[in-house]
There are 2 protein chains.
Amino acid sequence: MARKRFDDSNCSVARALNEVGDWWSLLIVLHAMHGTRRFVDFQHELGIAKNILCNRLGRLVEHQVLHKVDVGEHGSRFEYRLTEKGRDLFPVVIALRQWGDKWSPAPEPSPLDLRDRASGRPIQPVQVRDAEGNPVTIRDVFVPE
Amino acid sequence: MARKRFDDSNCSVARALNEVGDWWSLLIVLHAMHGTRRFVDFQHELGIAKNILCNRLGRLVEHQVLHKVDVGEHGSRFEYRLTEKGRDLFPVVIALRQWGDKWSPAPEPSPLDLRDRASGRPIQPVQVRDAEGNPVTIRDVFVPE
DNA sequence: CTAATCTGGTTTCGTTACGCAACCTTATTC
DNA sequence: GAATAAGGTTGCGTAACGAAACCAGATTAG
């Protein structure tokens, strides 16, 4: 039977994964964050098959993570740009990047270090914080009933 | 041909997705964070086929996100527990949850609100911060050369 | 003006993975 | 000693993935 979908799950993580939880979608979003906008550029940068890319871009547009803009006046030239919803995946992507850097030894020792444009200093590791701003771990949280 | 893998990508996001970037793995990690440890419990909570669960647990153990503990003295009873690497996915899961809560309207209006055990107050949205602790967006960062 | 090229796809087709159900093996319980 | 439970494995049908071919409209080259 079909791959299981989670559109209607009451778990927001499942719903999120339903939209960006496959192998390619988050990578597309990542490259879009780095400035990629065009079909061919995604294709070359990611090394993805055209039909799959087409499908993924379509799904991301459908879910309003990207929107498709007709540039070039009369068709045949488009750009895929992040929506606010898409840009809002920034913490997810960064958290994932930091996790990968920390736990998966890089073949080339070049953990892409992102820096703040204003200060020029590296950004902080993404952390979950309580109301006072103190970092919390999984052991520190609970679900009230 | 086979699904593309990213084991040796020099992109840490791709490497991370290679380990936890499929439909089930992060959900398994999520449930593990909520205390699930046993095969049958994962199976029932997730509604996942046994062979797929078997495969995913195996991969997660292989990637050292979980470790398999033999409880019950002489086999036939195991627990899958998060390693430090696995627990370190906490910010990723939370960021994803918050994104899902914010952008994917829940069928049932019950966004699971996580609270800090000490203060009892809700946790903050996960944010990326610069060295001074100020929130930054995708537009505020760059990669030095 | 025509041919070549670029862009953004769709189609075809073989391979792989997913998902269900059935079966299996080793404890434990009755 | 039979029944049940835990943790898997196996088979099989279907859906998704991936490469390459094909296509159509717009642009550029000659």
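Residue numbering restarts at 1 for every chain, and letters A, B, ... go by the order of the sequence lines.
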Residues B:Glu79, B:Arg38; criterion side-chain contact (heavy atoms from CB on, under 4.5 Å); working and verdict: CA-CA 5 Å; B:Glu79 283 188 0; B:Arg38 299 268 303 285; 4.0 Å; yes
side-chain contact (heavy atoms from CB on, under 4.5 Å) between B:Met33 and B:Leu82, intermediate numbers included: CA-CA 7 Å; B:Met33 285 178 176; B:Leu82 287 168; 3.5 Å; yes
Derivation and outcome, side-chain contact (heavy atoms from CB on, under 4.5 Å), residues B:Val20 and B:Ile28: CA-CA 10 Å; B:Val20 293; B:Ile28 291 173; over 6 Å; no
side-chain contact (heavy atoms from CB on, under 4.5 Å) between A:Arg15 and B:Trp103, intermediate numbers included: CA-CA 10 Å; A:Arg15 290 197 310 279; B:Trp103 293 103; over 6 Å; no
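At the heavy-atom level, B:Tyr80 lies under 4.0 Å from the strands shown only through sugar-phosphate atoms.
Considering only side-chain atoms of A:Arg77, the nucleotide from D:dG7, D:dG18, C:dT7 that sits closest is C:dT7.
One interatomic measurement links the two molecules: CG of A:Leu57 to P of D:dC17, which rounds to 14 Å at whole-angstrom precision. Remark: P of D:dG18 and CG of A:Leu53 are 12 Å apart, rounded to the nearest angstrom. In this structure, A:Phe78 atom CZ and D:dA26 atom P are separated by 10 Å, rounded to whole Å. At whole-Å resolution of the value, CD in A:Gln43 and P in C:dG8 are 10 Å apart. Protein atom CG of A:Asp22 is 10 Å distant from nucleotide atom P of D:dG18, rounded to whole Å. Atom CZ of A:Phe42 and atom P of D:dG18 are 17 Å apart (whole Å). Regarding A:Arg56, its CZ atom lies at a distance of 4 Å from the P atom of D:dC17, rounded to whole Å. Between B:Leu27 atom CG and C:dG19 atom P the separation is 12 Å, expressed in whole Å.
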Set out, line by line, the N/O atom pairs under 3.5 Å between protein and nucleotides 9-12 of chain D.
{"unit_1": "D:dG11", "atom_1": "O6", "unit_2": "B:Asn51", "atom_2": "ND2", "d": "3.4"}

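The CG atom of A:Asp116 sits 10.5 Å away from the CD atom of A:Gln124 when rounded to the nearest 0.5 Å.
When the shell of 6.0 Å around CD of A:Gln64 is examined, it contains 12 or fewer heavy atoms from other residues, nucleotides or ligands.
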Quick one: side chains of residues 41-48 of chain B, donor-acceptor pairs under 3.5 Å with protein atoms, not counting sequence neighbours, listed by atom name and distance.
{"unit_1": "B:His44", "atom_1": "ND1", "unit_2": "B:Val40", "atom_2": "O", "d": "3.0"}
{"unit_1": "B:Glu45", "atom_1": "OE1", "unit_2": "B:His31", "atom_2": "ND1", "d": "2.8"}
{"unit_1": "B:Glu45", "atom_1": "OE1", "unit_2": "B:Thr36", "atom_2": "OG1", "d": "2.7"}
{"unit_1": "B:Glu45", "atom_1": "OE2", "unit_2": "B:Thr36", "atom_2": "OG1", "d": "3.2"}

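Heavy-atom nearest nucleotides on DNA chain C were determined for A:Glu79 and for B:Asn55, and the one closer to the 5' end corresponds to A:Glu79.
Without hydrogens or angle criteria, B:Arg37 side chain to B:Arg81 main chain gives no donor-acceptor distance under 3.5 Å. Panel note: side chain A:Arg121, backbone B:Ala131; no donor-acceptor pair is recorded below 3.5 Å.
The shortest distance between the side-chain N/O atoms of B:Trp23 and the OP1/OP2 oxygens of D:dA16 is not below 4.0 Å.
In this structure, the helix from C:dC1-D:dG30 to C:dC30-D:dG1 shows an angle of 10° between the axis at its start and the axis at its end, each fitted on 5 base pairs and rounded to 10°.
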